[in-house]
Amino acid sequence: MKHSAFFLLVGLCCLLLGTPQLSAQCSGQDVPNCNCEALTAKDLTICIGGVDYDITVFSCEQMPNPNRIAHPCYFPTVCTQPTQDRISWVKKICVPVGFPTGSIEALYNAIICETNLCENDYLGVSGSFPSCTTTPPDACAETYPYCHILALPKCVKWDGQCLVVCDTDCDQYCYVWRQYCIDNSPPPHGPACVMCAMAICEDPDAETCQGTCLDPVDCDELTFSACCE
């Protein structure tokens, strides 16, 4: 009888300890999940130091299933941040021979420039952008503008000519978050695609990289303003 009581107590403790992790969710929002299986290859021409380079970015594309996706920088603590229409979890970036590999942040900044969906609709989604409710700078007053996150891995290593994820923890990413809508006002302002909000953030609770990775990418070094002219 004593043994039965002991095992019952252990079982209850395990259940209680596991509950927060299992129940970590925002009601009506999908959980951010970098473990999607299929990889999509996208060819991009990026510019670093005035020189163009053709690269290929491999990402798994998380789509709403069935709900829009919770914001990974705040999930599951804060559920009031804008939900996402799509998260592109970057897994591998292949560069040409002779590419300057000294700064991963410079590579990421060039990719950020080339993945503005108003300038380069490489995902083919601009047709689903809603109309802006007002003109800039308040265009994001739309209840649900199109929200996209480009998730760039912080923990990486070189494998030949490809930069690959080194730590598979979904918290180990820099999240490049952008919102889009269509300004349908008369010319000269519209019609036009508007990137009406943007930010770069990371999970504040992410731990250090595990495995034989390069030094972690500093998300604070990423910017929207490092584009070649």
Side-chain angles (χ1 to χ4, degrees), residues 34 39-61 72-73 84 86-126 129 136-137 146-169 171-180 192-204 206 208-209 211-229:
C34 69
L39 291 183
T40 300
K42 294 293 183 183
D43 296 326
L44 299 174
T45 299
I46 62 172
C47 177
I48 297 179
V51 179
D52 288 343
Y53 300 93
D54 293 328
I55 68 169
T56 303
V57 177
F58 296 83
S59 61
C60 65
E61 302 294 314
C73 287
Q84 308 304 304
R86 185 175 188 143
I87 300 181
S88 300
W89 300 94
V90 174
K91 298 295 185 178
K92 180 169 68 172
I93 304 167
C94 294
V95 301
V97 174
F99 183 86
T101 59
S103 171
I104 307 303
E105 286 85 359
L107 169 60
Y108 281 7
N109 281 333
I111 291 174
I112 291 170
C113 290
E114 191 58 29
T115 52
N116 174 349
L117 296 179
C118 280
E119 301 294 333
N120 177 20
D121 186 20
Y122 73 105
L123 294 175
V125 294
S126 63
F129 295 170
Y146 189 92
C147 298
H148 175 246
I149 282 181
L150 179 71
L152 297 165
K154 293 196 292 185
C155 304
V156 292
K157 62 182 178 181
W158 286 104
D159 182 7
Q161 289 300 120
C162 295
L163 190 71
V164 298
V165 170
C166 182
D167 186 335
T168 57
D169 192 327
D171 294 338
Q172 299 287 11
Y173 282 82
C174 301
Y175 302 106
V176 182
W177 171 72
R178 290 176 271 208
Q179 287 186 312
Y180 302 90
C193 178
V194 177
M195 186 171 69
C196 57
M198 52 187 167
I200 299 173
C201 55
E202 61 186 312
D203 189 320
T208 56
C209 298
T212 56
C213 308
L214 300 174
D215 290 338
V217 174
D218 186 353
C219 299
D220 290 336
E221 293 295 319
L222 303 187
T223 176
F224 293 99
S225 58
C227 304
C228 291
E229 296 296 331

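Computed from a predicted model, the values in this text were never measured in an experiment. Numbers here are sequence positions counted from 1.
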> Taking the inter-plane angle between the rings of Tyr122 and His148 on a 0 to 90° scale, is it parallel (under 30°), tilted (30 to 60°) or perpendicular (over 60°)?
Replying inline: perpendicular

> Relative to the ring of Tyr173, is the ring of Trp89 parallel (under 30°), tilted (30 to 60°) or perpendicular (over 60°)?
Replying inline: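 Geometry flag for Tyr173 against Trp89: perpendicular rings.
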
When you take the SG atom of each Cys, [X] and [Y], is the space between them under 2.5 Å?
{"X": "Cys47", "Y": "Cys228", "result": "yes"}
{"X": "Cys73", "Y": "Cys201", "result": "yes"}
{"X": "Cys155", "Y": "Cys166", "result": "no"}

Kindly indicate whether the side chain of [X], heavy atoms from C-beta on, has any atom under 4.5 Å from the side chain of [Y].
{"X": "Ser126", "Y": "Tyr180", "answer": "no"}
{"X": "Thr115", "Y": "Val176", "answer": "no"}
{"X": "Phe224", "Y": "Asn116", "answer": "no"}
{"X": "Leu39", "Y": "Lys91", "answer": "yes"}
{"X": "Ile104", "Y": "Leu163", "answer": "yes"}
{"X": "Pro96", "Y": "Ile55", "answer": "yes"}

>> To check you understand the geometry: which heavy-atom pair defines the closest contact between Asp167 and Thr208, and what is its length?
In response: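 For Asp167 versus Thr208, the nearest heavy atoms are OD2-O, 4.1 Å.
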
> Can you name the nearest heavy-atom pair linking Pro72 to Asp203, along with the distance?
Replying inline: O-OD2, 4.4 Å

> Between atom OH of Tyr108 and atom SG of Cys219, what is the distance when rounded to the nearest 0.5 Å?
Replying inline: 9.0 Å

